[in-house]
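Written out below as structure tokens is the structure these notes cover.
No hydrogens, no waters, no symmetry mates; every other heavy atom, side chains included, goes into these values. Quantities reported herein were computed from a predicted structural model and do not represent experimental measurements.
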Amino acid sequence: MSKAEGALLRHVHVAGPLTRAALAERMGVNRSTVLALTSRLARAGLVHEHAPPANRRVGRPSLVVAPAAERVYALAFDVAVDRLTAARVALGGQVLARRAVPRPRAGADLEVVVEALASMGTELHRTAPPGSVCAGVGASYCGMIRRADGMVRYGPDLGWVDQAFGAALGARLGLGLPVTVGNEAHLGAMAEHVRGAGAGLRNLIYLHGDVGVGGGIIVGGELLDGDGGYGCELGHMLVNPYDGRVCSCGSRGCLEAEVGERALLDAAGRPADRIGRDEVRSVIADAAAGDRQAAAAVRSIGDWLGIGVATLINLFNPGLLIFGGMMSDVYLAAADRVRARIAINVLPVSRERVRLCTPVLGDDTTLAGAAELAFADLLADPLGQGALAPTA
């Protein structure tokens, strides 16, 4: 029955409180089955039931089943190039508390990152309400992750190569829980698919911008992650093979090289020491205010972005393409150039229905993905772990 219990718990985790009748309809089972499943989950402290709000309907009302958001939580971490974020996230997806600190661009900084995250995570865990339970720990990292053990195989922007991030963070936290690590764009795609702009869709693409560009692709409702978990490195798709800019990966003309942070800032004439998302936004603001060089930079970057997007639409025929992180700023500023490329370069049947948008979850998309990663084992087998130990 664990799969059925996991399915019910997932419904209330994603959708929020649902009546027994609604759960029976969603799961294709009768109400007595829902009652049995709910009773077992309630005894484990994972859900609770309450009467629905008063209404004028005749007959006995169906009880509402809700996730035990006040008792069960996960720790979620997001490692971006310029910022480290930690959060305590309730079963049900609500961010209960968060902490964040800047991250200097200082090269391979595993020890610094682990210490900062562990300090924030320990505080969030320590200040959780008495009797509450940490169900798991998940982390989003801006690089290529070996899913088996959370090893960062390659993080080009700050030089991480074969860094044992998951193991180091787990040991430093000392919670007796493994740290599950995922690529930030993969997790962003998952989060938007579960509870964001792509909810209910089976095929979508998520493009994430930090300093570079990452991607996550959902096909048939499942993440397309490749044989080793390194798939969908959309930022290293070749778009300008002849006179392309040098990419951090060592190649030339990658999408990341042509549309990433440095490409926009260089095109706008910004000095090399001007970096970061605020600087990207200043170029976009200058372009909107009529600065000719900034406007030309936005148009050029938008055109290269449109070429990459057109290729992806032709390849995968998504119903939705989401621009997250820094890419949301770039897309909103250059949407006309992106759409112009789609009109020219995408097959008519593939562009008929595709929609373009920014994340419903905003800048919390990758953090939300890390939380979903942390809850994955609990949702797969809610009672298989036995009783979850309360926080001291």
From L255 atom CG to H236 atom NE2, the distance as rounded to the nearest 0.5 Å: 9.5 Å
Side-chain touch E5/R40, heavy atoms, less than 4.5 angstrom: yes
Any donor-acceptor pair under 3.5 Å from H193 side chain to L201 backbone: yes
Residues, nucleotides or ligands: over 12 heavy atoms within 6.0 Å of E123 CD: yes
Residue pair L305, F323: steps toward the side chain to side chain contact (heavy atoms under 4.5 Å, CB included) verdict: CA-CA 11 Å; L305 180 59; F323 300 88; 4.0 Å; yes
Donor-acceptor pair, side chain of S62 and main chain of A21, under 3.5 angstrom: yes
Value rounded to 0.5 Å, distance of OH in Y206 from CD1 in I322: 8.0 Å
Gap separating the CG atom of D162 from the CG atom of L110, nearest 0.5 angstrom: 12.0 Å
Enclosure of R105 CZ (heavy-atom neighbours >12, cutoff 6.0 Å): yes
Side-chain donor/acceptor of T366 to backbone N/O of S140, under 3.5 Å: no
Salt-bridge present (R195, E372; N to O < 4.0 Å): yes
Spacing of CG belonging to L223 relative to CG belonging to N183, to within rounding of 0.5 Å: 9.0 Å
Path from L75 to Y141 over hydrophobic side-chain contacts below 4.5 Å: yes
Between E70 and S132, a side-chain donor and acceptor under 3.5 Å: no
Carboxylate-amine/guanidinium contact R281 D286, below 4.0 Å: no
Whether R172 side chain and E115 backbone form a donor-acceptor pair below 3.5 Å: no
Side-chain touch L63/H50, heavy atoms, less than 4.5 angstrom: no
Minimum side-chain heavy-atom gap L84-V113 below 4.5 Å: yes
R252 side chain vs G244 backbone, donor-acceptor pair below 3.5 Å: yes
Salt bridge E258-R245, side-chain N to carboxylate O under 4.0 Å: no
C254 and C249, any side-chain heavy atoms less than 4.5 Å apart: yes
Donor-acceptor contact present, side-chain D381 to main-chain G384, <3.5 Å: yes
Reference residue P382; test side chain to side chain contact (heavy atoms under 4.5 Å, CB included); the match among V72, V47, D377, L46: L46
Residue pair V283 / A294: nearest heavy atoms and the distance that separates them: O-CB, 3.6 Å
Residues forming a ring pair (Phe, Tyr, Trp, His ring centres under 6.0 Å) with F375, sequence neighbours excluded: H13
same_hphob_cluster(L18, L379) at 4.5 Å side-chain heavy-atom cutoff: yes
Donor-acceptor contact below 3.5 Å, side chain D210 vs main chain G212: no
No-hydrogen, no-angle side-chain donor-acceptor test under 3.5 Å, N30 and T33: yes
N/O donor-acceptor pair under 3.5 Å between S300 side chain and A297 backbone: no
Side chain to side chain contact (heavy atoms under 4.5 Å, CB included) evaluation trace for L9 with L378: CA-CA 9 Å; L9 187 60; L378 178 69; 4.3 Å; yes
Side chain proximity check, R270 to S282, heavy atoms < 4.5 angstrom: yes
Candidates M326, E261, E256 - the one meeting side chain to side chain contact (heavy atoms under 4.5 Å, CB included) with V211: E261
M151 vs V181 side-chain heavy atoms within contact, under 4.5 Å: no
Plane angle bin for H125 and Y73 - parallel if under 30°, tilted between 30 and 60°, otherwise perpendicular: tilted
R99 CZ to L124 CG distance, which is reported to the nearest 0.5 Å: 5.0 Å
Under 3.5 Å: donor-acceptor pair, side chain of E184, backbone of G214: no
Stacked cation flag R146 on W160, 6.0 angstrom / 45 deg: no
Under 3.5 Å donor-acceptor, Q163 side chain and V152 backbone: no
Sub-4.5 Å side-chain heavy-atom contact between P17 and V12: no
Candidate pair F316 and L224, rule side chain to side chain contact (heavy atoms under 4.5 Å, CB included), full reasoning: CA-CA 11 Å; F316 294 100; L224 184 66; 3.8 Å; yes
Shared hydrophobic cluster for V338 and L332 (ILVMFWY, side-chain gaps under 4.5 Å): yes
Test: R98 and D364 ion pair at under 4.0 Å: yes
Ion pair check, D82 and R103, cut-off under 4.0 Å: no
Short N-O contact, R274 and D266, less than 4.0 angstrom: no
Working for side chain to side chain donor-acceptor pair (under 3.5 Å), residues T38 and E49: CA-CA 8 Å; T38 301; E49 293 184 289; 4.6 Å; no
Within-4.5 Å side-chain heavy-atom neighbours: L234 and L207: yes
Other residues, nucleotides, ligands: >12 heavy atoms within 6.0 Å of D227 CG: no
Side chain to side chain contact (heavy atoms under 4.5 Å, CB included) between L37 and M27, worked out: CA-CA 12 Å; L37 296 172; M27 297 176 67; 3.9 Å; yes
Shortest non-hydrogen contact between A334 and G302, atoms and distance: CB-CA, 3.6 Å
